[in-house]
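Structure, as structure tokens:
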Number of protein chains: 2
Amino acid sequence: MPQSRTQDPRAAVPLPPAAFHVLLAIGAEERHGYAIMAEVKRITDGAVRMGPGTLYSTIKRLLDHGLIEECGERVDPLRTDQRRRYYRMTTLGRTIVASEAKRLQSMINKSGAGTWAPGEQH
Amino acid sequence: MPQSRTQDPRAAVPLPPAAFHVLLAIGAEERHGYAIMAEVKRITDGAVRMGPGTLYSTIKRLLDHGLIEECGERVDPLRTDQRRRYYRMTTLGRTIVASEAKRLQSMINKSGAGTWAPGEQH
DNA sequence: AACAACTATATCGTCTACTGATATATCACA
DNA sequence: TGTGATATATCAGTAGACGATATAGTTGTT
């Protein structure tokens with residue numbers, strides 16, 4: 001019954017960082033856990049390396065809260081790996097991740113953080 | 001001496017969200033704790049309300065890690081409130097917050113999260 | 001000068017979330 | 001058939017976030 005957060009998208013923002021990473025990694029695709037790990041690493045240029053502990057507990061929470069859902073009958077044309085469990089974002093998930101992205105973007109813009117760096121450190 | 005994280009800016013990224021909020025709130029100014037709370041609320045349009053528990057424990061950590069420093073001899077021209085303790089970012093702090101902002105910005109850009117929203121919910 | 005309301009810092013216990021280690025099983029390939 | 005990569009799952013330990021509470025200085029009013 002953890003549907004309480006799902007009433008108002010604003011109530012779920014700020015999103016925990018790991019949840020945000022997972023949602024961004026899934027994007028518009030249908031991805032399985034292991035692919036999400038790799039995608040997080042890729043998207044963040046290796047800065048974020050998400051282990052299985054963080055990944056699967058986050059997936060569980062996102063499922064519980066209705067931000068993602070498992071797509072059952074999916075068939076991979078090239079290879080059929082029975083272990084894989086594929087997930088896609090729900091409409092709610094897209095709403096919330098967009099809201100979080102907007103919040104972060106707004107914060108970065110207001111701060112002018114991009115202009116503070118005292119040059120590249122060598 | 002938790003200076004271990006301070007060797008390489010990349011090692012301190014990702015920054016804990018509260019730490020990122022505090023650094024952005026301080027910005028190029030010299031601010032005291034209570035003003036940081038208000039500034040975080042303002043910057044995030046009320047979406048993030050940071051209580052004293054999060055604030056002061058975060059300030060302590062940022063001091064320990066050398067991302068901010070206390071400015072001692074500061075005199076406020078209009079009012080002199082002896083309780084206030086003012087903080088400013090260090091060069092290291094500016095480097096790290098800029099690095100984190102860059103990382104988040106890059107992630108948002110790559111994901112196209114801004115275009116996912118199924119319109120404003122009413 | 002006494003009082004109330006606001007400002008400001010500090011700490012405590014609790015809970016959520018993150019992390020690394022470990023386990024187990026399946027798949028690809030030789 | 002075996003070994004290395006892929007894939008999911010769970011657990012214990014810890015860091016970080018949060019709300020409540022405490023304490024005290026400051027401002028303004030009468």
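Just so we're on the same page: letters track the sequence lines, and every chain starts at 1. Treat the numbers as computed from the prediction; the structure is a model and nothing was measured.
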Between atom [atom1] in [X] and atom [atom2] in [N], what is the gap in whole Å?
X: A:His65; N: C:dT16; atom1: NE2; atom2: C1'; answer: 11 Å
X: B:Ile59; N: C:dA8; atom1: CD1; atom2: C1'; answer: 11 Å
X: A:Asp64; N: C:dA17; atom1: CG; atom2: P; answer: 11 Å
X: B:Met37; N: C:dA8; atom1: CE; atom2: C1'; answer: 7 Å
X: B:Gln82; N: D:dT26; atom1: CD; atom2: C1'; answer: 11 Å
X: B:Arg85; N: C:dT7; atom1: CZ; atom2: C1'; answer: 16 Å
X: B:Arg84; N: C:dC6; atom1: CZ; atom2: C1'; answer: 12 Å
X: B:Glu39; N: C:dA8; atom1: CD; atom2: P; answer: 14 Å

Practice task
Using modelled atom types only, decide if a donor and an acceptor are shared between the side chain of B:Thr95 and the backbone of B:Thr91 within a distance under 3.5 Å.
Solution key: yes

Taking all non-hydrogen atoms of both residues, which atom of [X] and which atom of [Y] are closest, and how far apart?
X: B:Gly33; Y: B:Leu55; result: O-CD2, 3.3 Å
X: A:Arg88; Y: A:Cys71; result: NH2-CB, 3.0 Å
X: B:Gly93; Y: B:Leu23; result: O-CD1, 4.4 Å

Problem - Under-4.0 Å side-chain N/O to phosphate OP1/OP2 contact, B:Tyr56 with C:dA10 - result: no

Practice task
Ignoring backbone atoms, test whether B:Arg61 places a side-chain nitrogen or oxygen under 4.0 Å from the OP1 or OP2 oxygen of D:dA17.
Solution key: yes

Practice task
Supply the atom-to-atom distance B:Asn109 CG to B:Lys102 NZ, rounded to the nearest 0.5 angstrom.
Solution key: 12.0 Å

Completion exercise
Distance col, row A:Tyr86:OH vs A:Ile26:CD1, nearest 0.5 angstrom, shows 12.5 Å

Practice task
Side-chain contact test, heavy atoms from C-beta onward, threshold under 4.5 Å: evaluate it for A:Thr58 versus A:Arg61 and give yes or no.
Solution key: yes

Problem - NZ/NE/NH1/NH2 to OD/OE distance under 4.0 Å, B:Asp45 and A:Lys110 - result: yes

Practice task
Compute the angle between the rotation axes at the two ends of the helix from C:dA1-D:dT30 to C:dA30-D:dT1, each taken over five pairs, rounded to 10 degrees.
Solution key: 20°

Handout entry: Sequence-distant partners of A:Glu29, salt bridge (charged side-chain N to carboxylate O under 4.0 Å, His left out), two or more places apart
Key = none

Using the 3.5 Å cut-off, write out each protein N or O paired with an N or O of nucleotides 19-25 of chain C and the distance between them.
none

Handout entry: Earlier contact from the 5' end, DNA chain C, for B:Tyr87 and A:Ala19
Key = B:Tyr87

